[in-house]
Amino acid sequence: MVKICCIGAGYVGGPTMAVIALKCPKVQVVVVDISTPRITAWNSDQLPIYEPGLDDVVKQCKGKNLFFSTDVEKHVAEADIVFVSVNTPTKTQGLGAGKAADLTYWESAARMIADVSKSDKIVVEKSTVPVKTAEAIERILTHNNKGINFQILSNPEFLAEGTAIKDLFNPDRVLIGGRETSGGQKAIAALRDVYAQWVPIDKIICTNLWSAELSKLAANAFLAQRISSVNAMSALCEATGADVTQVSQAIGKDTRIGPKFLNASVGFGGSCFQKDILNLVYICECHGLAEVANYWKQVIKINDYQKTRFVNRIVSSMFNTVSGKKVAILGFAFKKDTGDTRETPAIDVCKGLIGDKAKISIYDPQPMSPTSVKQVACVWDAYEATKGAHGICILTEWDEFKLLDYKRIFDGMEKPAFVFDGRNVVDAEKLRKIGFIVYAIGKPLDAWLKDMPAVA
Ligand SMILES: NC(=O)c1ccc[n+]([C@@H]2O[C@H](COP(=O)([O-])OP(=O)(O)OC[C@H]3O[C@@H](n4cnc5c(N)ncnc54)[C@H](O)[C@@H]3O)[C@@H](O)[C@H]2O)c1
Ligand SMILES: O=c1ccn([C@@H]2O[C@H](COP(=O)(O)OP(=O)(O)O[C@H]3O[C@H](CO)[C@@H](O)[C@H](O)[C@H]3O)[C@@H](O)[C@H]2O)c(=O)[nH]1
């Protein structure tokens with residue numbers, strides 16, 4: 001029986017391995033992590049991450065051919081294929097701080113693999129890493145040459161949170177990069193056989209290592225660029241009376257542009273886009289490609305501009321101050337159907353409002369950890385969050401926000417009552433009829449907001 005071990009039981013390692021276990025009953029899959037609470041949670045009925053459909057997949061295979069363990073070394077030593085799916089955050093200190101990927105976790109995993117291995121292994125880069133990382137990993141793996149053959153593959157993950165199971169069941173493509181040697185090609189074939197259990201073969205793309213590594217950064221850069229492009233348009237829409245949803249629809253009908261990923265928003269968030277673009281920028285700079293680096297940097301600048309612009313809209317609409325005013329935040333996760341709040345735009349919006357001395361009351365359908373910030377309260381109900389508030393900010397596009405009783409909410413708020421819709425989820429006209437003053441990203445402006453400063 002082929003044994004797969006995945007180092008890192010996070011948002012990628014957990015769901016990806018659960019799906020491999022489900023689709024490949026003849027493969028034994030063990031997910032290992034240094035975090036005992038994470039592994040304990042995977043082994044309980046309360047999984048450590050919220051992802052639609054995940055519970056069901058895990059239930060079907062846990063204890064059969066899917067296991068979660070903190071015994072990292074044992075399972076790595078026994079595995080034929082080792083996936084490394086550890087976190088690769090942005091470096092916060094030292095060379096490349098604020099841009100380069102921090103490969104500390106990756107390096108320590110690679111050293112451990114080298115130390116405990118007694119048999120040949122395929123080592124798979126699942127984490128998102130800078131292009132050329134495989135070369136460094138190869139050096140680490142072979143530094144204490146014990147005669148073991150390690151083949152490194154790059155197999156970046158393209159799942160999005162909130163739709164991870166759907167994406168894993170039916171991926172647009174699976175990308176496998178390897179060395180162009182016979183050993184490298186054999187390793188590619190072995191991993192292709194795993195995915196081929198459920199992914200049509202024409203969707204499994206095999207490339208060289210560097211193309212696979214770079215394609216992951218490129219894909220995220222292109223996706224984020226679309227959002228910054230439509231968000232840049234949203235500012236112009238507000239200035240001109242155009243409606244960004246109509247503009248998105250109109251341009252998305254062009255098959256060369258396509259309709260997806262054109263939703264204007266308060267800005268993109270999540271653990272990947274900003275980190276991966278910064279990483280790309282750093283790599284470009286290291287190769288002396290300043291113009292290319294600046295081009296991609298602009299995607300992040302527009303994203304920051306969009307968040308600041310949103311906060312400025314709120315403050316300027318509410319008589320240029322939110323000091324002492326209660327502002328309700330509906331949605332804190334970086335997108336719907338996830339409990340993940342990493343790099344969520346809501347953090348920057350809240351910081352901006354707190355900077356102007358607002359009192360914040362947050363409701364998100366997913367449980368939130370309590371906060372120690374004095375001006376911030378996390379509550380369990382949208383009606384509680386909005387009671388006595390001067391304004392409401394909708395920052396995550398949770399479906400339930402469309403169904404709230406806004407008349408009831410309006411009645412419980414201070415007047416004038418404002419709604420700032422950062423996701424275009426509510427029916428602005430309906431809310432205006434109730435009496436709200438509504439600001440919606442990229443939409444024709446309420447009379448109240450006209451002639452007020454719009455820019456960051
Ligand atoms: N989150 C996503 O949607 C997503 C999608 C595609 C790719 N990625 C990439 O995948 C990688 C993992 O992301 P994530 O969101 O799953 O991260 P995560 O933080 O949720 O999980 C990483 C896990 O690795 C563990 N870990 C770190 N060092 C370890 C070690 N030496 N031994 C054992 N365990 C160790 C951590 O304890 C943690 O549980 C990142 O490179 C990320 O960029 C993420
Ligand atoms: O039209 C859109 C689409 C998305 N977003 C925002 O963009 C962010 C990222 O969304 P999404 O890409 O759906 O979620 P992620 O889980 O961050 O997934 C991205 O990042 C992953 C990690 O690398 C990749 O694997 C995925 O392919 C890539 O979509 C979120 O804040 C969204 O609200 C918008 O504002 N407008």
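Hydrogens, waters and symmetry mates play no part in the numbers below; they use all other heavy atoms, side chains included. Whatever order the structure lists them in is the order used to number ligands and atoms, beginning at 1.
Annotation: atom 29 (O) of ligand 2 to nearest protein heavy atom, L223 CD1, 3.8 Å. Closest to atom 19 (C) of ligand 2 among all protein heavy atoms lies F273 CE2, 3.5 Å. Here the protein heavy atom with the shortest distance to atom 36 (N) of ligand 2 is N263 O, 2.9 Å. Protein heavy atom closest to atom 17 (O) of ligand 2, with residue, atom name and distance, is F334 CE1, 3.4 Å. Among all protein heavy atoms, the one lying closest to atom 14 (O) of ligand 2 is K335 NZ, 3.3 Å.
In this structure, K336 falls outside the shell of residues with a heavy atom less than 4.0 angstrom from ligand 2. A heavy-atom separation below 4.0 Å is found between K275 and ligand 1. R226 does not count as a contact of ligand 2, since none of its heavy atoms falls under 4.0 Å from the ligand.
Of all the heavy atoms of S127, the ones lying under 4.0 Å from any atom of ligand 1 are found in both the backbone and the side chain. Contacts between P156 and ligand 1, counted as non-hydrogen atom pairs separated by less than 4.0 Å, are absent for every part of the residue. Under 4.0 Å from ligand 1, heavy atoms of V12 appear from its side chain as well as its backbone. Residue D340 does not touch ligand 1, judged by heavy-atom distances below 4.0 Å.
Which of T88, T104, V86 comes nearest to atom 11 (C) of ligand 1 through a heavy atom is settled by distance: it is V86. Comparing heavy-atom distances from atom 8 (C) of ligand 2 across G270, G269, P345 singles out G269 as nearest.
Taking distance alone, with nitrogen or oxygen atoms compared against 3.5 Å, Y11 approaches ligand 1 more closely than that limit.
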